[in-house]
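Lettering of chains follows the sequences in order, A, B, ..., and the numbering in each one begins at 1.
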Amino acid sequence: MKQILHIFVKDVRQFWGEIFLSVAITAAFVWYFPYQWTGADRMHAVMGNHLLVPYTAQFLGSILIYLVPGSWWLFVTRVVHSERLVGDRQFWLTRPYEWKNLLSAKLLFVLVFLYLPIFAAQCMLLAEAGFQPFSYIPGLLYSLFLLTVVIVLPIFALATVTSNFARMTLTLLAAVVGVLCLGSFSSRLLPRHPVVAGLPESAVFSYSILLCAGIAAVLIQYSRRKVWIARILVFGTPALFIMAAPVLARLSNDQALIDRHYPTLANQDAAPVKLSVFPFSPGEREFVTNMMQGEIFVHIPLKGTGVADGYAVIPDNVRFAFETPDGYQWVSPWQPSSTPTFLPIGSAGDSAIFMPRAVYDRLIGKPITVHLTLAVTQAKVSNVTRIPLSIHDFSVPDFGVCSPVSGFRTPIDEATGIVCRSALRQPPLTYIGVVWSNTSCSTPHTEPDPGVQGAGWAGSLDRAPAQFGISSVRQTNFQLSNGYPNYPSGNPRYLCPGSPVTFTQYDVFRRTQVALTIQGFQLAAVRNSWPSD
Amino acid sequence: MKSTIRTEHLSRTFGRTLAVAGVNLVVPEGAIYALVGANGAGKTTLIKLLMNIFRPTAGSAQILGVDSQRLAGRAFERIGYVSENQELPDGMTAGGMMDYFRAFYPTWDRALEKELVRQFDLPLGRKLKHLSRGMKMKASFASSLAYRPALIVLDEPFSGLDPLVRDELIECLLDRAPETTILLSSHDLAEIESFASHVGFLEQGNLLFSEEMSVLSERFREVTVTLPNPATLPANMPATWLQPQAADCVVRFVLNSYKQHTSEREIAELFPAARDITFDPMSLRSIFLAIARSNRSGATSAGNPVTSQEKEA
């Protein structure tokens, strides 16, 4: 312990400048980042008659969120390199340093001057956003864990396998370029693969692999200084990981993945949603196809009905099977679905899929039978909160803190939207309903204004205690429907103080597959423009 | 005699280059052992193998009874290492460095530290990065001697230093010599000769000989044979003759296995007409050059008829 403290004190004396810089940047981040939260209250409070003030503050906040990890990169690298592990001329190699003490001293330094300031910063941001920080200790610790895996450990591990700051910088740049190239190659190898929403296993697995590789590299360097083994771990593991994911996904059976997570129902009558083709008025819409990066993008408009009250059905992945009368069949791989969520009130939207050009050429002009299967998550209402809209920040239980949004020139009591912020992660999947006023809130009404319903989705089904981020506060922007009739020429509608806002939260109820067969389907000619709604 | 350093078939390769080739080295306790050799002979690599900075490809080494590959942490409390290429904590002042290192050594002698600082006239308040090369070396010496190490390892410690600084460092070393074992590598043969007790000659990674200075000095002689007529070299020259030359009436060579009566009689028998035969003692530098040149011209066993090293091993 004595040696640990001795090395620690030496590092503090040597790197007080870097420490000061990092702490100052973190403090400035805590000061300026809240200006990102563009609630009407805050904007009107800071703006006065000067538009420049909030914009400058917002700009600083958005820059500082990158400068904080930048300062970590500087001082973690410097402190590791003060007893660098690469080379054969360092003074400390022939001094009575115990490697465990040396590593502990460096970790103590990182704990005191990186983790404590960012922990304090995250607590202060939570408090500033209207949350009680001590209620979020597990989430804050999980957030620090994510920062460790994604930022701190990679920087630390890179520093242990490089000999000076310049090499470290070049290596970091090369690593970023390498990851981008590999990522691009990887995404070309497997452009789309099914995603199971709200399933933390894959993320935990990824984090575990990266964490183990980083820790192993650091331990090998400090205990044995086996530079090449450590370098292979530091650079090889992420590279292998990026490359292996699509290869394994391609080799694996995506049908088995879907069947495992979305078991088929024995009785389709019990399906959480009944699918049908959206009935177009002739000439209004058509089955549209577009070219995109050499593939054909096929849209099929769907309607979902029969969703039970208190539930919503979220299409996660989709698979199409096309059959022609001459026996040709093409079954698509499972792909993420962009179809909107189905609600009990009934909803419609496109289901779309990418198809190779060669397949399209075989199918065009023929009557086709389409078997469409959606892998869906059925979500159940877990909580409903009705709150009258306030002109100030208002707290929504289990969701976050919300604020009405108004333009700079708009009175504070005439909101044109709502923004919310949540602690450490996106809020649970929530359907937000509002009532728009057709006229300005300050206009005296001779007749009661029934208003217009508006709604939007916010949040996610992911239930991890925190999401990766420097800030502990997440801003949730959501688009409320019907806010701008006849956009862009028409006047906006307003959310008036006191009008009800409903937050309906959902939890995963079950996952399953629903199917639809369409007879006599014909592919349209390829268009270069996207369909308009 | 107890050995402070003992290696067995110690080897190290870098790619295809054999830097140290199966070296068997014994440094007796209390010795001032000079490791000499040309540039690239493998001296620094050998020392780094001993200090566990490099790991051997084959063979082993014991330093103060510890396997060199386990040499770490507290084992260095008894070893002082100074190298011409060693990086120091440049951001610290000389005094700061002494303060910092002091806590690592239970045997740190504050009185000795003060004496060394005074002896070297170290500017304690100046940052190491602002010190001259000689002053840095002095600071390095002071920080490596103040805890009275049982073994001092010096890799080219005098390289590039002015004579005054060299003398100061050597004087300081000699002051410590009675209580420690010193292993140093150097090109500076003249200075080593004045204080080394043992010498080892490294050539292309091979330890050609390793023995006490007195034995070495006794073994090598520069032989000059003056003949009445123009001389020619004998057809069957012994392998113990290095760099034989015949010019006019004189034959010259270096004899590497001189024994006073035997060698004089043998050579007199080989040159019965000789008018004069002289056996001149040689400096370490002359021995070093004779061996190096002989090796380069292909006489691989030039320096090694028998070594005290092998006797001990």
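Within 6.0 Å of the CZ atom in A:Phe20, the count of heavy atoms belonging to other residues, nucleotides or ligands does not exceed 12. The number of heavy-atom neighbours closer than 6.0 Å to CZ of A:Arg13, taken from other residues, nucleotides and ligands shown, is 12 or below. Other residues, nucleotides and ligands contribute only 12 or fewer heavy atoms inside 6.0 Å of the CZ atom of A:Arg78. The number of heavy atoms from other shown groups lying within 6.0 Å of CD (B:Gln204) does not exceed 12. Around atom CZ of B:Arg166, more than 12 heavy atoms belonging to other residues, nucleotides or ligands sit under 6.0 Å away. Dense packing is recorded around NZ of B:Lys136, with more than 12 heavy atoms of other residues, nucleotides or ligands lying under 6.0 Å away. Counting non-hydrogen atoms of neighbouring residues, nucleotides and ligands closer than 6.0 angstrom, the CZ atom of B:Phe14 exceeds 12 such neighbours. Counted within 6.0 Å of CZ on B:Arg133, heavy atoms from surrounding residues, nucleotides or ligands total more than 12; the atom is thus considered enclosed.
Applying a 4.5 Å heavy-atom cutoff, the residues of residues 216-228 of chain A that approach chain B are A:Arg224, A:Arg225, A:Lys226. Interface with chain B: from residues 93-111 of chain A, residues A:Leu93, A:Thr94, A:Arg95, A:Pro96, A:Tyr97, A:Glu98 qualify, criterion being any non-hydrogen pair under 4.5 Å.
Within the 4.5 Å cutoff, no side-chain heavy atoms of B:Gln86 are placed close to those of A:Gln90.
Panel note: side chain A:His6, backbone B:Tyr100; a donor-acceptor pair is recorded below 3.5 Å.
Here B:Met92 contributes atom CE and A:Gln14 contributes atom CD; the two are 6.0 Å apart, rounded to the nearest 0.5 Å. Atom NZ of residue B:Lys48 and atom CZ of residue A:Arg89 lie 6.0 Å apart, to the nearest 0.5 angstrom.
B:Arg78 does not touch chain A: none of its heavy atoms, backbone or side chain, sits under 4.5 Å away. At a 4.5 Å heavy-atom cutoff, the contact between A:Gln3 and chain B is made by side-chain atoms alone.
Relative ring orientation between B:Phe101 and A:Phe91 is described as tilted, the plane-to-plane angle lying within the 30° to 60° band.
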